[in-house]
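Both backbone and side-chain heavy atoms feed into the values below; hydrogens, waters and symmetry mates do not.
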Amino acid sequence: MAYMMVKSGENLEWFTADANSAMSLPIAEKVSAGFPSPAEEYIELTLDLNKALVKNPGATFYARVKGTSMQDAGIHDGDILIVDKSLAAGNGKKAVCFIDGEFTLKTLKIENDTIWLIPANSSFKPIAVTEDNDFTVWGIVTYVIKKM
């Protein structure tokens, strides 16, 4: 996947998705999580991550996470998010939001007429979005890529 830097912010570092590139890699289709299986069954197909992970190339961006507010949801500092701007926001979705001049990653909680931005770390407080906030749901997280 090729990356082109778009904009850096305090919480996320942005890159556009170059879905025109192609790099098919072998995929181990039958990796056993129990007892090992014969090696000849391991590599049968190839996988292009652009085709597998980017459904809407013109509306998809990559963002590198900066910070720990979503660590209890398994999203850590340095992880790469695949963010699709064409998807609808909804209750319980992981969303990249723009609020009062900053990007932040939180879980959306829609309750009555209030939108809450819920962190996944008890050191951070939920954020109630009010009409006084400059707010938009910028995109929905579709995948998280992490280094093990």
Side-chain angles (χ1 to χ4, degrees), residues 1-35 42 45-148:
M1 286 185 239
Y3 298 104
M4 179 178 84
M5 181 105 168
V6 176
K7 178 180 180 180
S8 289
E10 184 177 328
N11 300 315
L12 298 167
E13 184 177 30
W14 291 98
F15 305 89
T16 58
D18 180 2
N20 294 321
S21 66
M23 184 168 73
S24 294
L25 300 173
I27 181 171
E29 185 179 77
K30 299 176 184 176
V31 175
S32 175
F35 295 104
Y42 279 176
L45 306 171
T46 60
L47 174 68
D48 184 329
L49 291 177
N50 284 321
K51 290 178 183 170
L53 303 181
V54 178
K55 301 300 179 207
N56 302 303
T60 300
F61 292 82
Y62 300 109
R64 187 178 314 276
V65 176
K66 293 182 178 181
T68 60
S69 73
M70 295 299 287
Q71 69 184 14
D72 293 345
I75 303 172
H76 297 94
D77 188 71
D79 287 353
I80 296 173
L81 307 175
I82 298 179
V83 182
D84 189 332
K85 290 182 68 170
S86 70
L87 298 177
N91 200 33
K93 291 191 177 182
K94 305 290 185 269
V96 173
C97 301
F98 187 77
I99 185 165
D100 298 332
E102 292 187 24
F103 286 102
T104 188
L105 168 66
K106 299 290 184 276
T107 300
L108 296 175
K109 182 177 180 183
I110 303 166
E111 195 173 66
N112 299 325
D113 291 334
T114 305
I115 297 173
W116 289 88
L117 306 181
I118 307 296
N121 179 334
S122 60
S123 298
F124 295 82
K125 294 182 180 185
I127 301 167
V129 179
T130 69
E131 55 188 46
D132 294 333
N133 295 115
D134 178 18
F135 174 78
T136 188
V137 174
W138 197 82
I140 301 300
V141 176
T142 56
Y143 291 94
V144 179
I145 301 172
K146 57 177 59 258
K147 184 176 181 179
M148 300 302 288

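Between Thr60 and Lys85 there is no side-chain heavy-atom pair separated by less than 4.5 Å.
The side-chain contact (heavy atoms from CB on, under 4.5 Å) test with Met70 singles out one residue from Thr104, Leu81, Leu105, and that residue is Leu105.
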So Thr68 and His76, side chain to side chain contact (heavy atoms under 4.5 Å, CB included) or not? Walk me through it.
CA-CA 6 Å; Thr68 60; His76 297 94; over 6 Å; no
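Once rounded to the nearest 0.5 Å, the distance linking NZ of Lys66 with CZ of Phe103 reads 12.5 Å. Atoms CG and OH, on Leu53 and Tyr62 in that order, are 7.0 Å from each other to the nearest 0.5 Å. Note that CG of Asn133 and CD1 of Ile127 are 8.5 Å apart. Values are rounded to the nearest 0.5 Å. Remark: Thr107 OG1 to Asp72 CG distance equals 11.0 Å, nearest 0.5 Å. Taking NZ of Lys94 as the start and CG of Leu108 as the end, the distance is 9.0 Å to the nearest 0.5 Å.
Under the 3.5 Å distance criterion, the side-chain polar atoms of Asp134 are left unmatched by any main-chain donor or acceptor of Ile99. A distance-only check finds a donor-acceptor pair linking the side chain of Asn121 to the backbone of Ser123 [under 3.5 Å]. With hydrogens and angles disregarded, a donor-acceptor distance shorter than 3.5 Å links the side chain of Thr142 to the backbone of Ile82. At distances below 3.5 Å, not a single donor-acceptor pair connects side-chain atoms of Asn56 with backbone N or O atoms of Gly58. Using a distance-only test at 3.5 Å, with no hydrogens or angles considered, no donor-acceptor pair links the side chain of Lys125 to the main chain of Ser122. Distance alone, capped at 3.5 Å, is enough to place a donor-acceptor pair between the Asp77 side chain and the Gly67 backbone. In this structure, the side chain of Lys93 engages the main chain of Ala88 through a donor-acceptor pair within 3.5 Å.
When all heavy atoms are compared, the tightest approach of Lys55 to Lys51 is NZ-O, 3.5 Å. Closest non-hydrogen pair, Ile140 versus Ala89, comes out as CD1-CA, 3.8 Å. Of all non-hydrogen atoms in Asp79 and Gly74, the two that sit nearest each other are OD2-O, 3.7 Å. Scanning both residues, Trp116 and Pro126, for their nearest heavy atoms gives CE3-CB, 3.9 Å. The two residues Val137 and Ala95 come nearest to each other via the heavy atoms CG1-CB, 4.0 Å. Phe135 and Cys97 make their closest contact through CE1-CB, 3.7 Å (heavy atoms, listed as atom of the first residue, atom of the second, distance).
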